[in-house]
Amino acid sequence: MESVGVLMTCPPSYPYLIEELEKRFSLYKFQTISDKAQFLSSHKSVIRAIVGNANAGADADLIDQLPNLGIVASNSVGLDKIDLTKCKERGIRVTNTPDVLTDDVADLAIGLMLAVLRRLCECDRYVRSGKWKKDDYQLTTKFTGKTVGIIGLGRIGMAIAKRAEAFSCPINYYSRTEKSDVNYKYYPSVVELAANSHILVVACALTEETQHIVNRQVIDALGPNGVLINIGRGPHVDESELVSALVEGRLGGAGLDVFENEPHVPEELFGLENVVLLPHVGSGTVETRKEMADLVVGNLEAYFLNKPLLTPFV
């Protein structure tokens, strides 16, 4: 299949994935090409697949320029960077990498809860600075027993809930519909969920309906003792409202793996001790990134060999 052209639109930062793709296909790394318009003009008939991720996928304009495009394989669970409507119109298949990253993201969510409540990052800086020699560190907040509210009770949301239960945390949740197969407390609105939770976790898919699902009203309902954890997508949260709430003390703390305009992070957050900031590393382990890459490659191979896709979305 070396003659099959595959366009990688995401940053070429996964050596294993690149190696596996180059073994099987003619791989073009879009972000390293200076004259993209010229490239698309000369290669539009060759490109039959796109590989993207959570940060770069395939918008309508790119899809329209590739008449022989047949599949978009995303090296992520989220598909908000892919124009799914355009793909459906064109009959283009879309795959993602569900399940394999669930544990890592759920682990990270719990890690953020502990880090924010127990001020782990600040404690580390305290020791490194030599201040421990002079004073004891201030008291922090207990995690065990805190009520955890989860927005979106899918694979990742359920994995977070199960982990939080091990810390004796009561679980609340909000989703589009109440789930009959769980015993957690359901709230019909995010505001009600926030008002009845100590920790609010964003774990839903990013859609037009869920953009800014955490707004000023939700943040105020969570309150000055509440903590927001976002391991979903940056645009789930109205970032300007979050920043002002943290700076003004209207929100107790936040653990953020994602941001609205990555890699830009509001500088106002840098000096806050009650905020933990991560560079979108929810699935960032060697083991999981390998499994994700294998799924991407496996889906492409299946498509071009006319076999069933491993993880089809469209």
Side-chain angles (χ1 to χ4, degrees), residues 54-55 78 80-81 105 108-126 137-143 146-152 157 160 172-174 187-282:
N55 298 312
D80 46 284
K81 297 299 184 181
V105 178
L108 194 79
I110 298 297
L112 282 170
M113 295 179 208
L114 286 164
V116 174
L117 291 172
R118 297 304 306 272
R119 302 285 180 92
L120 299 184
C121 299
E122 188 61 28
C123 283
D124 177 81
R125 289 191 290 269
Y126 183 82
Y137 191 74
Q138 62 184 311
L139 298 181
T140 58
T141 303
K142 188 175 184 177
F143 172 49
K146 291 291 190 294
T147 300
V148 176
I150 302 173
I151 303 174
I160 294 169
N172 300 333
Y173 76 99
Y174 164 82
Y187 286 95
S189 75
V190 178
V191 172
E192 291 176 83
L193 176 68
N196 289 279
S197 302
H198 297 113
I199 302 168
L200 185 65
V201 185
V202 183
C204 56
L206 179 61
T207 65
E208 290 183 5
E209 292 75 23
T210 63
Q211 182 161 342
H212 284 188
I213 195 169
V214 177
N215 53 26
R216 185 185 181 100
Q217 189 179 8
V218 171
I219 292 169
D220 286 345
L222 191 54
N225 295 316
V227 170
L228 176 70
I229 303 294
N230 190 4
I231 46 79
R233 290 287 184 268
H236 279 132
V237 178
D238 187 329
E239 197 164 80
S240 62
E241 290 291 351
L242 173 63
V243 170
S244 63
L246 287 165
V247 171
E248 295 166 13
R250 291 185 289 108
L251 182 64
L256 309 171
D257 185 42
V258 290
F259 304 88
E260 275 207 86
N261 301 297
E262 296 177 5
H264 172 73
V265 178
E267 291 186 8
E268 298 95 322
L269 299 178
F270 294 166
L272 300 179
E273 295 181 5
N274 59 340
V275 179
V276 176
L277 309 171
L278 304 181
H280 201 153
V281 291

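From a predicted model like this one, the values you see are computed outputs, not experimental measurements. Every heavy atom of this structure was used, including side-chain atoms; hydrogens, water molecules and symmetry mates were not. Throughout, residue positions are numbered sequentially from 1 according to the sequence presented.
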Work out which heavy atom in [X] is nearest to a heavy atom in [Y]; give both atom names and the distance.
| X | Y | result |
| --- | --- | --- |
| G249 | P224 | O-CB, 3.5 Å |
| S244 | R250 | OG-NH2, 3.2 Å |
| V202 | I231 | O-CD1, 3.3 Å |
| I219 | A245 | CG2-CB, 3.5 Å |
| I160 | A109 | CD1-CB, 3.7 Å |
| A54 | K81 | O-CG, 3.2 Å |

Between [X] and [Y] (side chain of the first, backbone of the second, donor and acceptor by atom type, cut-off under 3.5 Å), is there such a pair?
| X | Y | result |
| --- | --- | --- |
| E260 | E239 | yes |
| Q211 | E208 | no |
| N172 | N196 | yes |
| D257 | V281 | yes |

Worked verdict on M113 versus I110 for side-chain contact (heavy atoms from CB on, under 4.5 Å): CA-CA 5 Å; M113 295 179 208; I110 298 297; 4.0 Å; yes
Within-4.5 Å side-chain heavy-atom neighbours: [X] and [Y]:
| X | Y | result |
| --- | --- | --- |
| L117 | T140 | no |
| L272 | L269 | yes |
| V258 | H236 | no |
| L256 | V265 | no |
| R233 | T210 | no |
| L277 | F270 | yes |
| N274 | L246 | yes |
| Y137 | E122 | yes |

Drop me the distance from [X]'s [atom1] to [Y]'s [atom2], to the nearest 0.5 angstrom.
| X | Y | atom1 | atom2 | answer |
| --- | --- | --- | --- | --- |
| R216 | S240 | CZ | OG | 9.5 Å |
| N215 | L242 | CG | CG | 11.5 Å |
| R119 | D124 | CZ | CG | 14.5 Å |
| E273 | R125 | CD | CZ | 7.5 Å |
| I151 | N230 | CD1 | CG | 8.5 Å |

Passing candidate, side chain to side chain contact (heavy atoms under 4.5 Å, CB included) with V218, options L193, L200, L228, I213: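 Filter result, single survivor: L200.
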More than 12 heavy atoms of other groups within 6.0 Å of Q138 CD: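 Buried by this count: over 12 neighbours within 6.0 Å.
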Sequence-distant partners of H198, side-chain contact (heavy atoms from CB on, under 4.5 Å), two or more places apart: K146, T147
